[in-house]
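Below you'll find the structure, written out as structure tokens, and then a few comments.
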Amino acid sequence: MTTDTATAARTDGTALHLPVTAWFEGNARDLPWRRPEAGAWGVMVSEFMLQQTPVSRVLPMYEQWLARWPRPADLAAEPSGEAVRAWGRLGYPRRALRLHAAASAITERHGGEVPSDHAELLALPGVGEYTAAAVASFAYGQRHTVLDTNVRRVFARAVSGVQYPPNATTAAERRLARRLLPDDEATAARWAAATMELGALVCVARGPECGRCPIAERCAWRLAGFPEHDGPPRRGQSYAGTDRQVRGKLLAVLRESHEPVTQATLDAVWDEPVQRARALDGLVADGLVEPVAQGVYRLPLE
DNA sequence: AAGACGTGGAC
DNA sequence: TGTCCAAGTCT
């Protein structure tokens, strides 16, 4: 029996449900995608935008997108380049492309309605394990293990007694999440949202506010004396000087221009020609940029 | 199954 | 200034 399993076996999940969901009732943020009028499409748009991106930066973009494209078919009717342009500086622009592709698939395969079935959600572009569970749970009230970075951190601390979860989600974490998930469907959906919110507002990565935590008395990490993370280093993300930075600069120029852009204009954003060419090729390969003619580029028309 | 993939705020 | 971090997905 592994340490994780042993720890989990000692933890009574039902003892956590009430304090966490009760805390959520009084502390949940009033986010637009949580309002009933958001609908499943609103939830899905928010989930795409929130992938690796803070709520504060998503809020204005979300409002713009829902106003412009209130239904999947509205987005699907536009060129994918318009989605990339409207994505602005949110980051990871491939998400815009995938959201556009998901909207097309929803329009073609699902009659314009965001599917409620987990497997059908998972089959959509840009929808992985987390997003499928999140949409099914938040939009449709279903019972799923929703394992995002917030939930993983809460479980790592409260149950497993460690500061941080592993770099990649493990089978043990999935088992633990399944075991802690309330049996009742509506309660499970509330639990998913509540544990995420607890991780986002209280049990944060750096400087958790245990004084505000509804399960502090039961928290295994706190009870163990807050031991420091001792596993492999949590991989940092370098950025300056990388292809990613060059891609970002190139795409920014394309986004701002409503006319095709010449090679000379793109060349101005980065002085190292080999890396610049590699970045541009990558953008074209990803479908984020479309060659119009020799040395002329634009955002994709389709 | 590591690594690629943007951007900006906080400390 | 540099590092860490933010509701992941894909290959």
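Quick note on labels: first sequence line is chain A, next is B, and so on, each numbered from 1.
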task = Determine: side-chain N/O of A:Arg98 to OP1/OP2 of C:dT9, distance under 4.0 Å, yes or no.
result = no

query = When you compare C:dA7 with B:dC11, how far apart are their P atoms, in angstrom units rounded to a whole number?
reply = 15 Å

request  = Using the six-membered ring wherever Trp is involved, compare the ring planes of A:Phe226 and A:Trp221 and label them parallel, tilted or perpendicular (cut-offs 30° and 60°).
outcome  = perpendicular

inquiry  = Please report the distance, rounded to the nearest Å, between CG in A:Leu288 and P in C:dT9.
reply    = 18 Å

task = Compare side-chain N and O positions of A:Tyr239 against OP1 and OP2 of B:dG8 and report whether any pair is under 4.0 Å apart.
result = no

Same-atom distance (C1') from C:dC5 to B:dC5, integer angstrom = 16 Å

ask   = Could you state the CZ-P distance from A:Arg95 to B:dA4, rounded to the nearest angstrom?
value = 18 Å

key: Nearest-angstrom distance from the residue atom CZ of A:Arg85 to C1' of B:dG6   = 18 Å

inquiry  = Distance check, rounded to the nearest 0.5 Å: A:Leu90 atom CG versus A:Gln52 atom CD?
reply    = 13.0 Å

inquiry  = Using the P atom as the point on both nucleotides, what is the distance between C:dC4 and B:dG3, in whole Å?
reply    = 16 Å

ask   = What parts of residues 39-76 of chain A reach DNA chain C, counting only heavy atoms under 4.0 Å away?
value = A:Glu47, A:Leu50, A:Gln51, A:Gln52, A:Pro54, A:Val55

query = Whole-Å distance between B:dT7 C1' and A:Lys249 NZ?
reply = 12 Å

Residue mapping more 5' on DNA chain B - nearest nucleotide basis, A:Leu90 or A:Arg206 = A:Leu90

task = Identify the two heavy atoms, one from A:Leu198 and one from A:Pro214, that lie closest to each other, and give their separation to 0.1 Å.
result = CD1-CD, 3.6 Å

inquiry  = Please list, in numerical order, the residues of residues 114-144 of chain A that have a heavy atom closer than 4.0 Å to any atom of DNA chain C.
reply    = A:Pro125, A:Gly126, A:Val127, A:Gly128, A:Glu129, A:Tyr130, A:Thr131

inquiry  = For A:Glu256, is there an ion pair with A:Arg85 - N to carboxylate O distance below 4.0 angstrom?
reply    = no

ask   = Within a radius of less than 6.0 Å around CD of A:Glu217, do more than 12 heavy atoms belonging to other residues, nucleotides or ligands occur?
value = yes

task = Kindly state which residues belonging to residues 145-153 of chain A come within less than 4.0 angstrom of DNA chain C, counting heavy atoms of the residue only, listed by number.
result = A:Asp148, A:Thr149, A:Asn150, A:Arg153

task = For C:dT9 versus B:dG8, give the span between their P atoms, rounded off to a whole number of Å.
result = 23 Å

